[in-house]
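Working notes, structure below.
All values reported here derive from a predicted model rather than from experimental measurement. FYI, side chains are in, hydrogens and waters are out, and symmetry mates aren't considered; it's all heavy atoms of this structure.
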Amino acid sequence: MGEMQRIPCVIMRGGTSKAMFLKANHLPQDAAVRDQVILEIFGSPDVRQIDGLGGADPLTSKLAIIAPSTHPDADIDYTFGQVSLTAPYIDYTGNCGNISSAVGPFAIDEGFVAAQAPTTTVRIHNTNTGRILVAEVPTVNGRARVTGDCKIDGVPGTGARIMLDFSGTAGSATDRLLPTGNPVDTISTSNGPLDISIVDVSNPCVFVRAKDLGMTGQETPQQVNGNAALLALLEEIRAKATVMIGMAPDIQTATQKSPAFPMIAFVAPAADYVDFTTGQTISSKQVDFLSRMMFMQVLHKTYPGTGTACTGAAAKIAGTIVHEAIPHIDTIEVIRIGHPAGIIDIEAAVDKGELVRAAFSRTARRIMEGYVFVRNA
């Protein structure tokens, strides 16, 4: 293969997302050259990613770079990248909770961490945020277990239950659970004054009331993504929040250079709504509130893992827009978030202003291993 070089690659599903897993030592050390190689692996920029492995969707255009740990309290280093479909750009400013759920099984199966039956704890150093998250991975015969009875909405079938605790990721980008110091801030928008809550766990997230946008919180991806005015307003709010918490110097840079993080969600009290993937009605009694979270300027078809951890934390912080949407929030530990394709549970607890628990269950599995071919520079 004189004109091509081959790079070991594993494709893994983590939760409701899919990523290319690459080992750092198999990639060029120079960051610019490395990113060019990665873009070619994915076939980006191209909305179909036809000449690469990307799946032509933000949820399948994800990257995990794995290396031995550089942190004394962790077992492995994990760098997440969100590979753009439309620009020659990889966003390394945040983490992905769904892909994080596949890091533990990968670390065990690749020999980075010794398996301890029946469950192996993997302490993952996420280099994007400098924080440690803890994965509890079921294991059998020295490998990560794949089969099990855990069902997560947005993924067919069942799998082994992986628990991820993100409580150690508070202040991931801003060093503060509440980056502005306030549970609610009011900003000016082209639509008038608007209340927002910014919370930073795993990745910072911006929360707004659905009703303040003229929405119900029951919307499907098609309804949101087909509403150009709403998409523009949500990105305006997100970009202004990005500048507020110091992740970008201005709103143009926020949109161009930090398009994935922070994420933005609009929330509403519990109500009946239709799961867009099945057409079945989810009852208001099955959820504690509704949330629709944006990712890369379109509606996430399910709910992001890091967004789940952050939303759970926000629910437990008095005064936030999420907290006010759940009248009984102080009586529950497991919070049920109603998203477009079902329900995701998050165990969350805040004690004296400190996040002490933000754990949810995911499933993950190895789909393919082999080599990906890229052109020699």
Side-chain angles (χ1 to χ4, degrees), residues 7-15 17-42 44 52-54 58-84 88-113 122-135 137 164 166 168-169 171-174 200-204 247 257-263 295-296 304-307 309 362 364 366 372 374:
I7 298 172
C9 177
V10 172
I11 299 177
M12 294 199 70
R13 177 185 61 78
S17 292
K18 211 161 38 174
M20 310 304 147
F21 275 64
L22 304 168
K23 292 181 182 178
N25 63 315
H26 292 148
L27 294 168
Q29 288 190 324
D30 180 272
V33 178
R34 176 200 65 197
D35 283 2
Q36 279 303 122
V37 169
I38 291 166
L39 287 167
E40 184 164 348
I41 288 172
F42 279 78
S44 284
L53 293 177
L59 304 188
T60 54
S61 191
K62 295 171 180 282
L63 164 74
I65 301 174
I66 307 298
S69 178
T70 57
H71 194 293
D73 296 328
D75 300 310
I76 196 164
D77 274 7
Y78 150 57
T79 302
F80 171 72
Q82 181 68 46
V83 181
S84 174
Y89 183 69
I90 304 168
D91 190 346
Y92 293 109
T93 57
N95 185 20
C96 171
N98 276 295
I99 296 308
S100 296
S101 68
V103 174
F106 181 88
I108 293 166
D109 290 349
E110 294 289 333
F112 286 97
V113 178
V122 183
R123 298 181 61 82
I124 300 164
H125 173 219
N126 174 240
T127 66
N128 308 76
T129 61
R131 295 296 193 270
I132 293 175
L133 49 125
V134 180
V137 184
L164 282 174
F166 280 85
T169 67
S172 61
T174 65
D200 185 2
V201 175
S202 302
N203 288 313
M247 288 185 69
K257 297 298 183 184
S258 188
F261 309 106
M263 294 181 282
F295 184 63
M296 297 291 285
T306 55
R362 297 278 84 184
R366 180 175 294 232
V372 59
V374 298

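- Across Ala74 and Ile124, no two heavy atoms sit closer than the pair CB-C, 4.4 Å.
- Closest of all the heavy-atom pairs between Ala102 and Phe21 is CB-CZ, 3.6 Å.
- With hydrogens and angles disregarded, a donor-acceptor distance shorter than 3.5 Å links the side chain of Arg131 to the backbone of Gly171.
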Check the pair Phe80 / Thr306 against side-chain contact (heavy atoms from CB on, under 4.5 Å), numbers first and verdict last.
CA-CA 12 Å; Phe80 171 72; Thr306 55; over 6 Å; no
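- Rounded to the nearest 0.5 Å, atoms CE (Met12) and CE (Met20) are 12.5 Å apart.
- Note that CG of Leu39 is 11.5 Å distant from OH of Tyr89, once rounded to the nearest 0.5 Å.
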Asn126/Thr169 under side-chain contact (heavy atoms from CB on, under 4.5 Å): CA gap, chis, key distance, verdict:
CA-CA 9 Å; Asn126 174 240; Thr169 67; over 6 Å; no
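- Proximity of a side-chain donor or acceptor of Asn203 to a complementary backbone N or O of Phe261 within less than 3.5 Å is not detected.
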Stepwise side chain to side chain donor-acceptor pair (under 3.5 Å) check, Ser69 with Asp75:
CA-CA 5 Å; Ser69 178; Asp75 300 310; over 6 Å; no
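- Annotation: the span from Gln36 atom CD to Asp30 atom CG amounts to 10.5 Å, rounded to 0.5 Å.
- Across all non-hydrogen atoms, the minimal contact from Ser17 to Cys96 is OG-SG, 4.5 Å.
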Applying side-chain contact (heavy atoms from CB on, under 4.5 Å) to Lys62 and Asn98, what does each step give before you reach the verdict?
CA-CA 10 Å; Lys62 295 171 180 282; Asn98 276 295; over 6 Å; no
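- By the 4.5 Å heavy-atom criterion applied to side chains, Phe42 and Leu63 are counted as neighbours.
- Separation of atoms CZ (Arg123) and CD1 (Ile76) is listed at 13.5 Å; rounding is to 0.5 Å.
- Side-chain atoms of Ser44 come within 3.5 Å of backbone N or O of Ser84 as a donor-acceptor pair.
- When the options Ile7, Ile65, Val33 are evaluated for a side chain to side chain contact (heavy atoms under 4.5 Å, CB included) with Ile38, the one that passes is Ile65.
- Nearest approach of Leu164 to Arg362, heavy atoms of both residues: CD1-CG, 4.3 Å.
- Summarising the geometry of Cys9 relative to Val372, their closest heavy-atom pair is CB-CG1, 4.0 Å, with the distance given to 0.1 Å.
- Donor-acceptor pairing under 3.5 Å is lacking for the side chains of Thr127 and Asp77.
- In this structure, Phe295 and Gln82 approach most closely via the heavy-atom pair CZ-OE1, 3.0 Å.
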Tyr78 vs Ile99, test: side-chain contact (heavy atoms from CB on, under 4.5 Å). Steps then yes/no.
CA-CA 10 Å; Tyr78 150 57; Ile99 296 308; 3.8 Å; yes
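- In summary, of the residues considered (Val103, Asn25, Thr79), a side chain to side chain contact (heavy atoms under 4.5 Å, CB included) with Ile66 occurs for Val103 alone.
- Taking the side chain as every heavy atom from C-beta outward, Val10 and Glu110 approach each other to under 4.5 Å.
- Side-chain contact check for Thr129 and Asn95: no donor-acceptor pair (N or O, by modelled atom type) lies under 3.5 Å.
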